[in-house]
Peer 1: 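My questions all concern the structure below.
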Amino acid sequence: MEDTNSLIEQRRTKLAALAAKGINPFMNKVSLKELTGCGEARAKFERGELVESASVAIAGRITAYRDMGKSQFIDLKDVTGRVQVYAQKQALGDEAFALFSHLDLADFIGVKGTMFRTRTGEISIKAESFTVLSKALRPPPDKWDGLADTEVRYRQRYLDLIANDEVKRTFLLRSQIIREIRTFFHERGYVEVETPIMQAIPGGAAAQPFKTHHNALGCDFYMRIALELYLKRLLVGGLDKVFEIGRNFRNEGLSRKHNPEFTMLEAYEAYGDYETMMETVESVVKRIAQNVLGSLVVRHQRRAETEHALKEVRLAFAEATPFFIKSGEPSSAELLPKDRIEAQILATQEAVDLANLSKEEPSAIAMRVHGAIEATLSLLPVDSEKAELPRRRLQSALSTLQPLTVEKVIDLTHWRRARYKDLVCEKAGADWFELTPSERRRRATEDLKLSGDIANGYEDFEVTGAVFEKLVEPTLIQPTFVTHLPKELVPLAKLSPDDPTTVEVFECCINGQEIAPGYSEQNDPVAQRAALEQQAGGEQQKLDEDFLTALEHGMPPAGGIGIGIDRLCMMLLGQETIRDVILFPQLKPR
RNA sequence: GGGUUGGUAGCUCAGCGGUAGAGCAGCGGCCUUUUAAGCCGUUGGUCCAGGGUUCAAAUCCCUGCCGACCCA
């Protein structure tokens with residue numbers, strides 16, 4: 001960045017002026033012994049721990065000042081909060097008071113003074129002396145509107161933290177969440193370990209790895225995609241309860257839910273099974289919610305523009321419907337039966353109209369309208385020029401609606417358990433599993449409109465998987481353990497004794513996302529080898545022989561879980577984007 | 001990859017064919033209990049880049065670059 005900017009020049013001039021007066025604008029240290037936090041000083045005064053006229057020393061960044069001529073009000077901020085400093089010319093002396101003209105927003109100063117309350121009731125500190133601690137050469141972001149440019153917020157997160165208090169709050173809470181998790185597992189007798197991030201054979205999940213190279217060893221390594229295989233080696237080694245919180249790296253696309261590096265907790269408990277781990281997940285999440293958020297009910301912020309957005313949607317839909325109403329025209333009628341189109345329009349219109357009157361949760365309304373519009377959209381012929389306008393209208397309606405569909409209340413008091421097959425049948429029809437594979441494929445692609453989600457080469461179980469992923473999972477807002485997954489879907493777990501077509505696995509879904517999978521871990525080395533060989537698809541170099549050798553030494557039966565920490569934070573902290581719970585999310589380099 | 005949308009002062013944004021704008025920040029004044037302090041004055045721009053249309057382009061069109069959201 002160029003320094004021709006005049007604001008920066010002015011600050012440099014002030015810096016020089018300070019130096020000319022023999023003041024070091026970048027102090028080596030502040031005596032921390034006597035220092036009180038800014039917000040802490042306020043709180044202590046409020047609680048009576050600091051009385052009127054009590055002496056305090058504080059240090060912080062100047063976030064605002066109100067110059068009254070012979071006196072000034074300065075807001076100082078540190079991580080504990082904000083406090084107002086009252087500086088009088090008379091109290092400080094002319095020379096010291098004059099230094100304020102060399103100070104700017106964002107500079108750091110230390111203040112010694114006494115507690116008092118102003119005429120308007122604000123807890124403040126009357127300055128007796130102050131010290132320049134550090135000069136800022138660049139101006140801070142806007143004091144009212146904060147920093148809005150998403151890219152700058154992520155690239156220069158420090159500015160985001162300075163300008164937006166709720167962002168700071170989010171990350172302070174994330175830290176507490178992780179601390180709470182650690183405490184939980186330590187209290188249960190778990191050992192925290194650290195395992196290699198650079199691995200010769202990245203295993204434990206099906207994902208594309210990142211590749212790196214070791215010069216001295218002259219070989220390639222991969223960044224790990226899961227923690228699993230090393231933690232299981234430790235079970236073999238007799239660490240009966242282990243956990244690790246660490247970064248995984250997956251070389252895949254980026255989205256609202258995906259960052260290439262993300263934080264994962266994995267925990268394994270010998271002599272436990274997936275039931276044990278369900279209890280573990282439920283307990284740890286409840287504990288976090290209670291201790292960090294103070295409630296088992298998580299409310300995701302409702303957006304203010306709800307009514308406005310729904311109005312836009314109605315408008316867009318009204319402009320789009322003529323296309324359907326005149327469905328006698330070949331553009332739409334040639335592809336679909338007229339009565340189906342009309343039924344769809346009626347359903348959509350009903351959903352949109354209902355939004356007008358209903359007193360339901362805005363999120364519920366938004367979701368229903370969203371679904372209806374999506375369904376309508378899927379009826380539009382792809383190649384028709386006439387369909388172009390309605391398509392655009394509906395798509396813009398969808399994007400208007402999108403932010404609303406995530407408003408919700410999550411109640412962590414009750415944790416539902418449901419079988420995978422039952423959930424699929426709810427969405428795909430009670431007879432789903434009695435159909436032939438080709439009938440299933442037809443129903444999924446045509447009736448359920450999943451054609452875009454089901455590739456031609458999909459196996460039968462993958463068709464069912466798509467139904468689950470697209471139709472079931474997003475609706476699982478309240479905590480739900482999905483159990484009895486088909487064995488084809490999860491090759492590395494043990495079969496369920498009561499239904500050998502399924503495995504002892506759960507997926508814990510909250511907030512419409514999979515938050516934590518759990519397993520009765522496979523400890524049969526022969527079965528494990530067979531499963532891994534199949535997964536490797538004949539590429540022997542992908543087989544982690546060392547891990548299989550470990551299993552052959554005997555691994556106790558064990559339950560295991562993984563918890564996606566980032567997604568857990570999204571759920572608990574009401575954030576819609578993974579980038580808002582990761583301090584420095586991955587962006588394209590500048 | 002497709003759709004939608006955005007890029008204008010340090011920050012947040014308005015302007016959408018006819019002299020480049022506001023608030024905040026900055027600078028100069030006034031003001032000893034203000035708090036989005038106030039009042040008076042004032043500095044600051046490659047309107048993302050390049051091409052085109054036009055008497056005239058920040059504005060309309062095309063191409064590109066960089067974002068955001070949604071879909072895949």
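Below, read A as the first sequence line, B as the second, and so on, with proteins coming before strands; counting in each chain starts at 1. Quick caveat, the model's predicted, so the values are computed rather than measured.
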Peer 1: Classify the side chain of Arg119(A) and the base of U33(B) as holding, or not holding, a donor-acceptor pair under 3.5 Å.
Peer 2: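 A donor-acceptor contact between them is absent.
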Peer 1: Does Lys588(A) reach a base, just sugar-phosphate, or nothing at all? Heavy atoms under 4.0 Å.
Peer 2: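 Answer is sugar-phosphate: Lys588(A) comes under 4.0 Å of backbone atoms only.
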Peer 1: Write down the distance separating the P atoms in G21(B) and U46(B), rounded off to the nearest Å.
Peer 2: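 G21(B) and U46(B) have their P atoms separated by 15 Å.
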Peer 1: Determine whether a donor-acceptor pair (one donor, one acceptor, N or O, separation below 3.5 Å) exists between the side chain of Gln72(A) and the base of U32(B).
Peer 2: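 There is none.
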Peer 1: Looking only at heavy atoms, what is the nearest atom pair of Glu261(A) and Gln586(A), with distance?
Peer 2: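 Answer, listing the atom of Glu261(A) first, then Gln586(A): OE2-NE2, 3.4 Å.
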Peer 1: Write down the distance separating the C1' atoms in A58(B) and A9(B), rounded off to the nearest Å.
Peer 2: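 Comparing C1' positions in A58(B) and A9(B) gives a spacing of 14 Å.
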Peer 1: With Cys509(A), which of Leu476(A), Ile515(A), Ile477(A), Val472(A) fulfils side-chain contact (heavy atoms from CB on, under 4.5 Å)?
Peer 2: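 Single pass found, and it is Leu476(A).
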Peer 1: In this structure, how many angstroms lie between the C1' atom of U34(B) and the CD1 atom of Ile123(A), rounded?
Peer 2: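 Checked: the CD1 to C1' distance equals 16 Å.
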Peer 1: With a 4.0 Å cut-off on heavy atoms, is Arg155(A) in touch with a base, just the backbone sugar-phosphate, or nothing at all?
Peer 2: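 Sugar-phosphate only.
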Peer 1: Could you check whether Phe45(A) and Phe116(A) have their ring centres less than 6.0 Å apart?
Peer 2: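 No: the rings miss the under 6.0 Å criterion.
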Peer 1: What does Gln88(A) touch in the nucleic acid at a heavy-atom separation under 4.0 angstrom: a base, only the sugar-phosphate, or nothing?
Peer 2: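 Base contact.
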Peer 1: Checking Tyr154(A) against Asp580(A): is there a side-chain donor and acceptor pair closer than 3.5 Å?
Peer 2: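 Yes - a donor-acceptor pair under 3.5 Å links their side chains.
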Peer 1: On a whole-Å scale, what distance lies between the P atoms belonging to C16(B) and C40(B)?
Peer 2: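 After rounding to an integer number of Å, I get 28 Å for this pair.
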Peer 1: Does the base of G23(B) carry an N or O that pairs as donor and acceptor with the side chain of Asp142(A) under 3.5 Å?
Peer 2: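 Donor-acceptor pair under 3.5 Å: yes.
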Peer 1: Would you say the side chain of Ser71(A) and the base of U33(B) hold a donor-acceptor pair, judged only by whether the two atoms sit under 3.5 Å apart?
Peer 2: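 No pair found.
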